[in-house]
Amino acid sequence: MKKLFYSVVVCICLAVFSGCSSVSPYDFGDNWLIRENDMPQFFSKFDLFYIGKAPADYGDTHDIQFNWTKTHTNDIFGKKVRVFAPEIQEPDVKNVTAALEYYLENFHAPGHPFVLLAEGKAADLLYAAMKKVDGLTVENGFIAAYLPDMKPKTTAQIANDFYWDDLKAAARGGDYGVIVTWTTCINNEKMDDPALKKGIYCINPLNWKLSATPATAADNIKAVFYMPSHKNRYWRKVEVKNFCGAVVNPEKGVLEVKCPTELLHVFKGKYTRNSISIFAGNIAKNAFYRTQNLIKYREWKNIK
């Protein structure tokens with residue numbers, strides 16, 4: 001097990017002397033931006049655990065964070081998904097681990113499919129938290145962790161980090177029990193980053209290939225943006241079909257993306273680091289596809 005033996009001993013001691021009466025901040029609904037545990041388990045194709053925060057320029061009010069989170073979860077994945085998105089006041093590995101652990105122990109039914117989602121620095125924190133918790137196995141329903149723009153890693157590094165749970169980097173569009181990531185290079189930015197080099201793992205979210213097979217804008221189902229500056233609150237969510245294409249550059253380990261530059265999709269003249277928004281429709285469709293593949297695999301196993 002990942003948890004060290006001495007921690008079990010500590011818990012036993014606490015149980016004896018205090019009745020294990022400790023309270024988690026995640027016991028309370030106001031520490032969750034979205035917590036759909038009241039939705040019947042059988043109605044959910046899978047659970048979605050999301051860590052994310054609106055860019056600093058957007059503002060830091062509860063409403064801004066809620067709307068950003070809703071745009072990146074409910075508005076992308078639809079109604080047949082239960083969403084769990086904690087509001088983490090101090091974003092560090094310890095607190096993200098505590099939130100993920102709380103979800104797994106209190107809301108996740110053993111074996112029910114679940115997906116993890118974060119990007120950028122939040123993806124780094126969630127990746128680190130994944131290494132510390134129990135329950136991230138195919139047998140327990142783990143489908144995939146979509147972690148775009150986390151710190152670059154090789155396929156071997158990912159496999160080694162999750163050796164205990166037998167998790168690997170995604171190799172195609174239909175495998176499960178996988179980590180899915182890419183480093184987004186929008187309009188040639190970041191190409192001089194020394195961390196980007198041959199051998200870095202990178203998959204194309206438009207065609208789910210590791211090779212330099214280009215995907216066109218026609219392959220992009222839809223992008224979903226949250227624009228808080230729009231005066232009409234009903235227009236703050238913007239959906240754009242066929243937004244852009246993308247191609248993997250194996251020599252750099254990056255996903256090269258050519259984005260249009262209409263101001264509607266930028267904030268203060270710049271794109272945000274927002275890969276989930278750009279590839280929203282494809283990520284959602286792929287999560288359902290991977291989940292269905294696991295369900296079929298289980299049925300096949302039961303028949304045998």
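Here the structure is a predicted model, which means the values were calculated and not measured.
- A donor-acceptor pair is defined here as one N or O able to donate and one able to accept, closer than 3.5 Å; such a pair exists between the side chain of Asn207 and the backbone of Thr213.
- Under the side-chain hydrogen bond (donor to acceptor under 3.5 Å, both in side chains) criterion, Lys168 pairs with Asp166, sequence neighbours left out.
- Considering only heavy atoms from C-beta on, Arg298 stays 4.5 Å or farther from Ile295 through its side chain.
- With sequence neighbours excluded, the residues forming a side-chain hydrogen bond (donor to acceptor under 3.5 Å, both in side chains) with Asp75 are Lys70, listed by chain and number.
- Among pairs with a residue in residues 276-288, those fulfilling side-chain hydrogen bond (donor to acceptor under 3.5 Å, both in side chains) read His72-Ser277, Tyr146-Asn286, Asn274-Ser277, Asn286-Arg290, at least two apart in sequence or across chains.
- Outside the 6.0 Å centre-distance limit, the rings of Phe84 and Tyr26 are not counted as a close aromatic pair.
- Counting only distance, with no hydrogens or angles, the side chain of Asp165 and the backbone of Leu167 share no donor-acceptor pair below 3.5 Å.
- Two residues are said to be in side-chain contact when any heavy atoms from C-beta on lie closer than 4.5 Å; Tyr127 and Phe162 meet this criterion.
- When all heavy atoms of Ala287 and Val115 are compared, the closest pair comes out as CB-CG2, 4.4 Å.
- Shown here for Thr291 and Pro113, the closest heavy-atom pair between the two residues is CG2-CB, 3.8 Å.
- A distance-only check finds a donor-acceptor pair linking the side chain of Asn31 to the backbone of Pro25 [under 3.5 Å].
- Side chain of Thr69 to main chain of Leu33: no donor-acceptor pair is present (N/O by atom type, distance under 3.5 Å, no hydrogens or angles).
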Quiz prompt | Worked verdict on Phe288 versus Phe46 for ring-ring contact (aromatic ring centres under 6.0 Å, His included) | solution = CA-CA 8 Å; Phe288 280 101; Phe46 57 85; 4.9 Å; yes

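- Put simply, the side chain of Pro91 reaches to within 4.5 Å of the side chain of Leu125, judged on heavy atoms.
- Judged as a side-chain hydrogen bond (donor to acceptor under 3.5 Å, both in side chains), and not counting sequence neighbours, the contacts of Asn95 are Asp92.
- With Arg82 contributing its side chain and Arg35 its backbone, the two residues share no donor-acceptor pair below 3.5 Å.
- In this structure, Val257 and Ala246 approach most closely via the heavy-atom pair CG2-CB, 4.1 Å.
- Under the 4.0 Å criterion applied to side-chain N and carboxylate O atoms, Glu256 and Lys258 are not assigned as salt-bridge partners.
- Note on Val247: it does not cluster hydrophobically with Phe243, by side-chain heavy-atom contacts below 4.5 Å among ILVMFWY residues.
- In this structure a side-chain-to-backbone donor-acceptor pair under 3.5 Å is missing from Tyr201 to Ile158.
- Residues Thr216 and Leu206 form no side-chain contact, since every pair of their non-hydrogen atoms from C-beta on lies 4.5 Å or further apart.
- No side-chain heavy atom of Leu116 sits less than 4.5 Å from a side-chain heavy atom of Tyr50.
- Nearest approach of Ile64 to Gly59, heavy atoms of both residues: CG2-O, 3.5 Å.
- No continuous path of hydrophobic side-chain contacts links Tyr289 to Trp182 [ILVMFWY only; heavy atoms under 4.5 Å].
- Asp60 is linked by a side chain to side chain contact (heavy atoms under 4.5 Å, CB included) to Lys53, Gln65, counting only residues two or more places apart in sequence or in another chain.
- Remark: Lys45 NZ is loosely packed, at most 12 non-hydrogen atoms of other residues, nucleotides or ligands lying under 6.0 Å away.
- Remark: Asp27 pairs with Tyr102 by the side-chain hydrogen bond (donor to acceptor under 3.5 Å, both in side chains) rule, at least two apart or across chains.
- Side-chain atoms of Pro228 and Asn67, non-hydrogen and from C-beta on, never get closer than 4.5 Å to each other.
- When all heavy atoms of Val224 and Ala280 are compared, the closest pair comes out as CG2-CB, 3.8 Å.
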Self-check item: Test side-chain contact (heavy atoms from CB on, under 4.5 Å) applied to Lys209 and Val248, step by step
Solution: CA-CA 8 Å; Lys209 294 182 182 295; Val248 172; over 6 Å; no

Quiz item: After noting the C-alpha distance and the side-chain angles of Lys131 and Leu136, does the key distance pass the side-chain contact (heavy atoms from CB on, under 4.5 Å) rule?
Solution: CA-CA 9 Å; Lys131 294 193 290 183; Leu136 297 183; over 6 Å; no

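- With hydrogens and angles disregarded, no donor-acceptor distance shorter than 3.5 Å links the side chain of Asp175 to the backbone of Ala170.
- Proximity of the aromatic rings of Phe107 and Trp32 is defined here by a centroid distance below 6.0 angstrom, and this criterion is met.
- Contact annotation: the side chain of Asn140 approaches that of Pro110 to within less than 4.5 Å [non-hydrogen atoms, C-beta and beyond].
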Quiz item: Does the pair Thr183 and Asp149 meet the rule for a side-chain contact (heavy atoms from CB on, under 4.5 Å), with working shown?
Solution: CA-CA 5 Å; Thr183 300; Asp149 293 316; 4.2 Å; yes

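- Hydrophobic cluster membership is shared by Val93 and Leu117, with clusters built from Ile, Leu, Val, Met, Phe, Trp and Tyr side chains linked at under 4.5 angstrom.
- The aromatic ring centroids of Phe114 and Phe49 lie 6.0 Å or more from each other.
- Note: Phe142 and Tyr176 fail the aromatic proximity criterion, with ring centroids not under 6.0 Å apart.
- Linking ILVMFWY side-chain heavy atoms closer than 4.5 Å, directly or via other members, places Ile221 and Trp208 in two distinct hydrophobic clusters.
- With hydrogens and angles ignored, the 3.5 Å screen pairs a side-chain donor or acceptor of His108 with a backbone N or O of His112.
- Not one N or O on the side chain of Asn220 forms a donor-acceptor pair closer than 3.5 Å with the backbone of Gly245.
- A cation-pi arrangement is absent between Lys222 and Phe279, since the terminal nitrogen or guanidinium carbon is not both under 6.0 Å from the aromatic centre and inside a 45° cone about the axis.
- Judged by distance alone, the side chain of Glu119 and the main-chain N or O of Ser275 form a donor-acceptor pair under 3.5 Å.
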Quiz prompt | Verdict with supporting geometry, Leu104 and Val133, side-chain contact (heavy atoms from CB on, under 4.5 Å) | solution = CA-CA 9 Å; Leu104 290 169; Val133 303; 3.9 Å; yes

